[in-house]
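Beneath this line is the structure, given in structure tokens, with notes to follow.
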Amino acid sequence: MAIISKKIIKDIFFKTSNILPKPYVNYLLFGIILVILPYIVNGSTLLTIGSVIVYAIAALGLNLLLGYSGLISLGTAGFMGLSSYFASYLTKDLNFPFFASLLISVFIPVILGLLVGLVSLRIEGYYLAIATLAVAEILRRIFEKFIAFTGGYVGKTADYPNILNVFMLDREGTYIILVIFLIVIMILTHNLIQSPTGRALLTMRGSDAAAQAMGIDILKYRLIAFALATLYASIAGVLYVHFNELTYPTIWNLGLSLNILAIIIIGGIRSISGTVLGAFVVYSFSDLILKEIPFIGEIPGLSNIIFGVLIIVIILFYPQGLIQIFKNILKSIFIRKDVKASE
Amino acid sequence: NKTTVSETENNYVQGITATEIKVGNCAATSGAGATIGIPFNAGIQAYFDMVNDAGGVNGRTINFVHEDDEFDPAKGKQCVEDMMNDEKIFALVGHFGTPTIAATLDDVKEKGIPVVYFASGLASLYNENATGEDRGIYPVQPIYVMEGRLIVARAVAEYDSKKIGAIYTSDDAGTDMITGIRNQVNKLGDEYTLVEQQVTPGASDYSAAVAKMKQEGVDVVIVATIQASFTPIVKELAKQNVNKPAFTSYINADGTLIGLVKDDVGTKFPIYANAWVDVSDTNAVTLFATEIVESSGVPLYAANAFSMAGWIAGHYFIEGLKNVDGDLTWTSYMDGIESEPIKNPFGGQIDYSNGKRLGTQEMSLLKMDVTTSTWAAHKPIANLESILGDTDLGLDEDKSSLGLYYVIGGVVLVVVVAGIVYFVVKSKRRDEE
Amino acid sequence: MSNVILSVKDLRVNYGSIQALKGVNLEIKEGQVVALLGANGAGKTTTLRTLSGLIEATSGEIEFDGQIISRLPAEKITKLGISQSPEGRAIFRDLTVEENLKVGAFTVKNYIQYNNFERVYKYFPILYERKKQVASTLSGGEQQMLAIGRSLMASPRLLLLDEPSLGLAPIIVKNIFEIINEIKKEGTTVLIVEQNALQTLKIADYAYVLEIGEIKTEGKAKDLINDPNLIEAYLGGRK
Amino acid sequence: MSKKAIVVNKELSNDIVLQVDNLSIAFGGLKAVDNLSFNIKKNEIFGLIGPNGAGKTTVFNCITQFYRPNNGEVYFRTKRDKVVNLVGRPVYRIIRLGLVRTFQNVELIRELSVLDNLLVGAHIKYKTGFISHMLKTKKARKEELDNRKKAIEVLKYLGIDHLKDFLAAGLSYGILKRVELGRALMSDPNLLILDEPAAGLNETETEQLAETIRKIRDDFNSSILLVEHDMRLVMNICDRICAISFGKLLAIGTPKEIQSNKNVQEAYLGKDD
Amino acid sequence: MIFSGIETGSFYALAALGIIIIFRTSITTNFAQGVIGMFNAFMATEFYYRFGYSTVESIILAIVTSIIMGILIDILIIRHARKVNPVSKQIITLGLIMIIMGITPMIFGTTNRDLKRIIPSGQIDFGSLHISYNSILNIILVFIIMFVLFIVLQYTKWGLAVRVTASNEYTARLMGVPTKMVTMIIWALAASLSTLASIMLAPSNSVEVNMMGGVQVNALIACVLGGFQTFYGPVIAAYIIGISSNLIVFYISDTWGEPILYIFILIFILIKPNGLIGKKLVKKV
Ligand SMILES: Nc1ncnc2c1ncn2[C@@H]1O[C@H](COP(=O)(O)OP(=O)(O)OP(=O)(O)O)[C@@H](O)[C@H]1O
Ligand SMILES: Nc1ncnc2c1ncn2[C@@H]1O[C@H](COP(=O)(O)OP(=O)(O)OP(=O)(O)O)[C@@H](O)[C@H]1O
Ligand SMILES: [Mg+2]
Ligand SMILES: [Mg+2]
């Protein structure tokens, strides 16, 4: 019995840590666990986990961009915000159906993202990072000041999506949509990074010269990377506004972009499961765990301090991200035994 | 007029037991909003401590719970749900932060939970005739749009100013106030003109906006901003020697601000602030000061506008409670709070009867006294009508319908720019290769 | 007989779980040219890096001129007079040639620095021509010369050269060996790692042969050069 | 450059693969390559030698369009036996014509396995786009499988198939050089340009390399252009050698001729002891 | 107004200089630069109000604490982050922000504070233009600091040491450059620069947790506009931003002034991708 359970655990963990092929099963399994959650946890925990999912989606896009194409963007929050306002404006003010609004809301940020991608041919490294920051700052000012569209500092609300007038979703229903988006995106991303496109992106990151010599069109792949990163970010923005039923200018600030960056660094760059893990750490650790600890939760700000320390400690000791811990643990548990057994 | 305690616990509404009433709020007690949230909650707690020490209301003590939402509306929304559904509070007291309030207004209405005191002057709280699920909303603070109008009225009444300058922040407080200011200036007629300048809250340089005031030669300057921007703007006015009387919102009628600006301003120009609280009533102030210091242990809070606001929030909730007839339920509470006008401990009163949800409509005028570092009472409490003889108290907001065209225009612009840049980059690349 | 300037006792170095050096013993006499030979991956570079303090040894002792240096940081070791031309050149890519050389002389006084500049430019005239050029745009060989020149700028007492001839034209390679002879005459001790075993042995006084982290053979260069077995077995060369 | 320059159709005699005509490039005042001309024949191993800083790498960069020459043309016979001028073409298009290079400082991708690094070399063989890759369509899967097979063959050919799953980051220099060679071979080039392939190799490895290069010429039916400072290798395998100095041509000829050329000896080889 | 732009530009310049020298040694953009300054501005008020030091003394003491803080950050964190890549280092500075933002209200309470000017009053009048002595002092002080730093970084051995530490830390150590010392000095210097900026800004504003938010963003943008390769580029850019933002707000639009400025800057770096001063580095293969 014990042996069987160990084997099952082993299978599951190894697959999620990308050691064995076909991680679809694991992603789906993970999805099912997420879907069951609403029946277990209370409402506000669900909201927290919903946000985790939203930010995980945006972080997956940034992971593609930073981890694979080596381009760094601090504009994620701006793009998320833009799509969230579009989604809210289209569904609430103009009564567009959910999917139509999703398409349009995602289209505009992606065009902007492509623009940044074009620019990335001329501006690189930290210049690009700060240039994207400037783009996000401009967008945020627009969110603040273009009141007719954004509601200014009062923010703007939206409803839970209403799909084809058939499914009038409630919070749990919207949550399930979030989970579906996350899992589908995880699978698609997994496919992509294992494909020639993924290799081309990595090559471009490692060496411009080698990439070009091997026939990789830098412009094309930078555009792809930016398009996907903004696509993910803006999907996340749309989901955010429908799940939280609101959007507000100061959410979409530099801090959020940095947090999303923190997700992939803490979770593990170039790792899908790492990114999701990172999102859980960054966006739920403080709320679900730290604040529940009696002493820490009571003193305002203390949980922030502890979390700040934690981030630094993780980066100093696990530069490859937390996913590395899992892999190490699993390796030390299973592989050694396997080797012995096979001898 | 006594509330009878039901026999079986099952009959109690949420948040009520035989000995306790649980109320709560979500406020920022960490991060940037902590400056407001912590003293505010301390004020509420101080009032409840006082009530509890005196035996509570009808044998029930008040249990005040609160959670930190870090001024993040998404967290605030979660927190409010927590409060309503998990903590099962009876009422929200001191609902905090404009974005969170805007985001949760529908939720709390749907739930039907009473909300007493909003730490915001959001225009959508204003309702002249609340019925149905809108009934549970009890704004206390003045609505910003109304305040904007009041400031103009005061400026005109005090100095007969024709050319009114206004510097406002781009946040909700500033933009709502400027709406009221524009509105009132328009109403006054053609001989009155408005010079307005928007500034970003938390900017590090306000000199351009102030220079504009100077260039235009305005008669008075209205500083329609939150506290963080008030100090630097006033300092800049002094620095550039604009030296025109300044009027500002009740938000800034805070003793601690005087210390920050008095060295710069000196006697160069007078500064007036609206006030919906009257601090000249020494009894009320002393009571507040002793209680808050005893409860929070922070002497500074005795002169803190936010803790005073919290105190008022506690007061309004308790006064409503005292008026309840029969079993304590949400409906009976609403009936109770509407049953008679409730006096503000620091002057003025609010009447919630017949669905009136107008917030404070009358304000006094204070004048900054730099020698004693206090806001001295200058004019007593009055409403628009008594200041200027203006009888129209409504808040006609000007909502432009141009939004859609701008949006479409913006979208087209982005697409066109993207196209142009694409072709430029392409052709450039062809050149380079 | 001159005295021992560097002695290494039972040096062990690990990269994670990989053991790169498994107890290396060396002794270098002042004023000699000593060659450290061995196949790819034998641990030659690791030895040099450990001597310079860039890698910390797991155990063992390094004594330089009567002082234990195995626990000193790299910059202190350089100050004591050990200077290295590292594998892979490691030039400062965004600095000019001149600035690169200047950094090489970080530990010496200004007047010495001027002499050294002259000397390096004499050895490698091409560097003088390129002195204002950003180092990353130099040709491969020019970068190699820069790395060697930079290590000479510190007026070292012990010079560590890691594959100095890599990427250099035959004529310059000959030069390099002449330069080594010349600085030897000035009293500098040289420890050289080379793939080009025969040529190296010709100018060396003494040689060690490393194999997978251990010294397998050592002896006078003259003797080793005439030991065809050894050359065949460890250095993969014929002739 | 105008488009015209690109489509010029030049008559090249049938046995010539690459013709460099009056190539010049200068950096600031420095003439790195100065009016250089040479040609490479089919199935020839052609050596380019010269002192450090003579401009060899720069010539390579001008041929592969990493640099744009100030002057001169580079004609190339493509896989489809068409003659094109390379000057003015985007860098990433060159490989499609059948010309591929390696680098003086190995440019492999550390995060990728040896096998994946080889697959990068097959980039131009993929016809599917990133959307099919995301959806993992049937066509995309088949393509990947085919190329994988081929990569393993190439690895076997170079004798490093046992390393296929190792990350490039942890491998020794000699192996990396071979992987880079393998990556270049994945595109079935008809001209292979190698920049100092023997640097850092010991003598045995260098001899193996010489063998491999010859075999590649025969098995892949391609020409090879190489720069190398290891004279034994160059003299051993090259059919013809071009020696340059300060960007200018010194001599072209067979290894023997070059070895005995006074100018070359003086500028490059040094006097024999 | 232009003058006040110069003054604001000086604050940006100080902060930008702090960012750029950290970039040049630790190759990371330090997002915590602003909050470090904010914290030490609180320290200055603490020395002034609680311990009764004079304004100048308080400021000097705050600079000292900022130096200590910079050294601590280096010893406790940055020194151990050698193997950490630049992007992860940015996240470390994000962690620093969280810690400092959390600690500040705990130590100093939640009320805004006031910091006095060094020269409390007095001004020079040029017609309608009034310039306070304190502004002049600020500007001169900043100019002197910049000048000294510039000379040190450009013409001394230590300046070279800073640049090689950034270029390749391992090799720098091999050359005998005490890189640990260099990074420590640089972090201390950066912390004190930003503290100086916040202390100069404080009298015309007030000391509060968010006081350096705008300065931080503008300083970052100044670094890009000026180029990361020189020390003086960002400084010049900081002044340009300080002055032109005032001019744009005044003459073009109060509401959209800042976005317009940012758009101009974006267009500019599109045209000159390496900033005002930066030169393009050719990558050779
Ligand atoms: N950074 C590193 N991480 C892990 N292993 C390493 C590292 N550097 C070297 N090694 C391993 O340590 C051993 C010794 O390497 P070293 O570079 O010292 O050899 P070498 O004799 O200089 O070889 P070469 O002639 O190729 O330069 C090799 O097995 C190598 O794979
Ligand atoms: N981008 C550049 N900017 C300035 N000078 C350059 C640039 N690229 C090359 N050079 C100069 O052009 C000359 C030729 O360089 P190249 O790299 O072609 O030499 P090489 O013949 O390959 O030498 P080696 O054998 O040392 O690799 C060198 O002197 C080099 O400094
Ligand atoms: Mg080596
Ligand atoms: Mg070369």
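Below, read A as the first sequence line, B as the second, and so on, with proteins coming before strands; counting in each chain starts at 1.
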**Pairwise distance CG(D/Leu18) to CZ(D/Phe46) - rounded to 0.5 angstrom** = 9.0 Å

At a cut-off of 3.5 Å, what donor and acceptor atoms pair up between chain D and chain A?
{"from": "D/Tyr92", "atom 1": "OH", "to": "A/Asp217", "atom 2": "OD2", "distance (Å)": "3.2"}
{"from": "D/Glu107", "atom 1": "OE1", "to": "A/Ser207", "atom 2": "OG", "distance (Å)": "2.5"}
{"from": "D/Glu111", "atom 1": "OE2", "to": "A/Arg205", "atom 2": "NH1", "distance (Å)": "3.0"}
{"from": "D/His123", "atom 1": "NE2", "to": "A/Tyr221", "atom 2": "OH", "distance (Å)": "3.3"}
{"from": "D/Tyr126", "atom 1": "OH", "to": "A/Arg199", "atom 2": "NH2", "distance (Å)": "2.9"}
{"from": "D/His133", "atom 1": "ND1", "to": "A/Thr197", "atom 2": "OG1", "distance (Å)": "2.5"}
{"from": "D/Met134", "atom 1": "O", "to": "A/Asn191", "atom 2": "ND2", "distance (Å)": "2.7"}
{"from": "D/Glu144", "atom 1": "OE1", "to": "A/Arg199", "atom 2": "NH2", "distance (Å)": "3.2"}
{"from": "D/Glu144", "atom 1": "OE2", "to": "A/Arg199", "atom 2": "NH1", "distance (Å)": "3.0"}

**Interatomic spacing from CD1 in A/Ile183 to CD1 in A/Ile57 - rounded to 0.5 Å** = 9.0 Å

**Asked** At their closest point, which heavy atom of D/Phe27 faces which heavy atom of D/Ala32, and how far apart are they?
**Response** CE1-CB, 3.5 Å

**Item:** Atom of A/Ile260, atom of A/Ala58 and distance for their closest heavy-atom approach
**Value:** CD1-CB, 3.9 Å

**Message:** Testing the basics here: between D/Gly121 and D/Ile95, what is the closest heavy-atom pair and its distance to 0.1 Å?
**Reply:** O-CD1, 4.3 Å

**Request:** Name the region of D/Val100, side chain, backbone, both or neither, that has any atom closer than 4.5 Å to a heavy atom of chain A.
**Result:** side chain

**Message:** If I measure from the heavy atoms of chain A, does D/Leu112 come under 4.5 Å with its side chain, its backbone, both, or neither?
**Reply:** side chain

**Request:** Give a yes or no on this: more than 12 heavy atoms of other residues, nucleotides or ligands lie within 6.0 Å of atom CD1 of D/Ile131.
**Result:** no

**Prompt:** So does D/Phe38 have more than 12 non-hydrogen atoms from other groups sitting under 6.0 Å from CZ?
**Reply:** yes

**Item:** D/Tyr75 backbone acceptor or donor facing D/Asn85 side chain under 3.5 Å
**Value:** no

**Item:** Greatest number of heavy atom pairs closer than 4.5 Å to chain A - which of D/Ile94, D/Leu119, D/Leu99
**Value:** D/Leu119

**Region of A/Ile224 that comes under 4.5 Å of a non-hydrogen atom in chain D** = side chain

